[in-house]
Amino acid sequence: MTTRCYNTSKLLRRISSAIGACVIVLGMSKGQNLDSLVQTAILYSGQHLEATVKVLGGSVEYPRSTLGDGSWKTVKPNDWTSGFFPGCLWKMYELTNDSAFRVAATKWTAGLEVQKFNTKTHDVGFITFCSFGNGQRLHPNDEYKQILLQAARSLATRFNPVVGCIRSWDNRKWEYPVIIDNMMNLELLFWASKNGGPHTLYDIAVSHASKTMENHFRKDGSTYHVVSYDSITGAVIAKETHQGYANESAWSRGQAWAVYGFTMAYRETHDERFLKIAQRAADYFIGHLPPDFVPYWDFQAPNIPNEERDVSAAAVACSGLFELSTLTQDAAEEIRYRKSAMHILVSLCAPPYLSKGSRSAGILDRAVGSRPANTEVDVSLIYGDYYFLEALVRYRDLMRTIKH
Ligand code: GLY
């Protein structure tokens, strides 16, 4: 990638033929359709990723969030976000088939290999599955397979059979914290159990999802961020928040992790309980969105509408809803979830959420890392970009299926 420039019209032609000519009109202005918005967004994203690859050069640190001047703040490979940049490059390769992105993705993925031994956080799942997991899916090879199997073994060391869950964090104020985000890391375990790892990895993932379903949800389908357990008895001792507005509010990215995570758990297990709970999480998320379908950082943030939006929550949910629409067995629900995902995508494909015209090195603007800590507020976040690109892939694949 560092040795070549894009041939813009060639790339556009490739994207056009990949997406096809499907026209989906969702209340956009005359002459606009989602296909053309998506095509423009893919081209824009590719240019941004290429620029980031150039700017970072031989850095051994990974982009995480943007600073005041729009440049990337970078972090070490053991940060929970390190897998997303290589993941973005793999997604862009998937969208364009441009080998320059595969070369860059391979290089940035390689720098994370040692993380396969990381047993200090549940984030080993995010780190390795977004990087090596995408690489293995798009370019299967034994090296990546062995790395992923080791990463799954590392993640499984954090499972406590009495609690029935993987411990999310160490060294925080809770005894045995399990955060809703942790649902995302189960995909690594499901994958490993199907690819040479022991069946216990599957059992651990199912146990974790079942306990999370039991203890993280409120009656209205919203979710707690943190549930802490007694590690000796397995009893729930606290239901609180870390990044949300209040213990009893619904942190929007947490809700998005629930939508995506339980949809994935249903895909992997065909356990109807997980489909039902994914739909409850989705119904809450969709039912509390503002008119442009991009949530505020917490659904109960006190000063709505004068609160920041979180595009990362929108992007995670958008990708999850596309998948949910393909798994639900009811035609009306299928359409409702797909339309909601498309409405979100319409917003994300244009300013102010697409960073076009801003100084940001990221693809999406207006995300929130942690409002209570006042860190990474109203910035670009690499995981927002990652799930946006995944949503574009899922949209493209869905349109191909519907059309043919
Ligand atoms: N998993 C951390 C976050 O969503 O901020």
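Whatever order the structure lists ligands and atoms in, that order sets their numbers, starting from 1. Positions are given from 1, in the same order as the sequence printed here.
- Looking at ligand 1, you won't find any N or O of W80 less than 3.5 Å from one of its N or O atoms.
- A tilted orientation is assigned to the rings of W90 and H139, their planes being inclined by 30° to 60°.
- Atom 4 (O) of ligand 1 has R253 NE, 2.8 Å as its closest protein atom, hydrogens excluded (heavy atom only).
- Within ligand 1, the atoms closer than 4.0 Å to a non-hydrogen atom of Q243 are 3 (C), 5 (O), numbered from 1 in the order shown.
- Residue-level proximity to ligand 1 for W251 is carried by the side chain, the only part with a heavy atom below 4.0 angstrom.
- Residues forming a ring-ring contact (aromatic ring centres under 6.0 Å, His included) with W108 (at least two apart in sequence, or on another chain): Y62, F85.
- Under the rule for a ring-ring contact (aromatic ring centres under 6.0 Å, His included), the partners of Y387 that lie at least two apart in sequence or sit in another chain are F84, W257, Y260.
- For the atom pair Y202 OH and S207 OG, the distance stands at 12.0 Å (nearest 0.5 Å).
- Atoms of ligand 1 lying under 4.0 Å from at least one heavy atom of D181, given by number and element, are 1 (N), 2 (C), 3 (C), 4 (O).
- Of the polar atoms of W257, at least one N or O is found under 3.5 Å from an N or O of ligand 1, judged by distance alone.
- Taking the charged nitrogens against the carboxylate oxygens, D271 and R273 do have a contact shorter than 4.0 Å, which makes a salt bridge.
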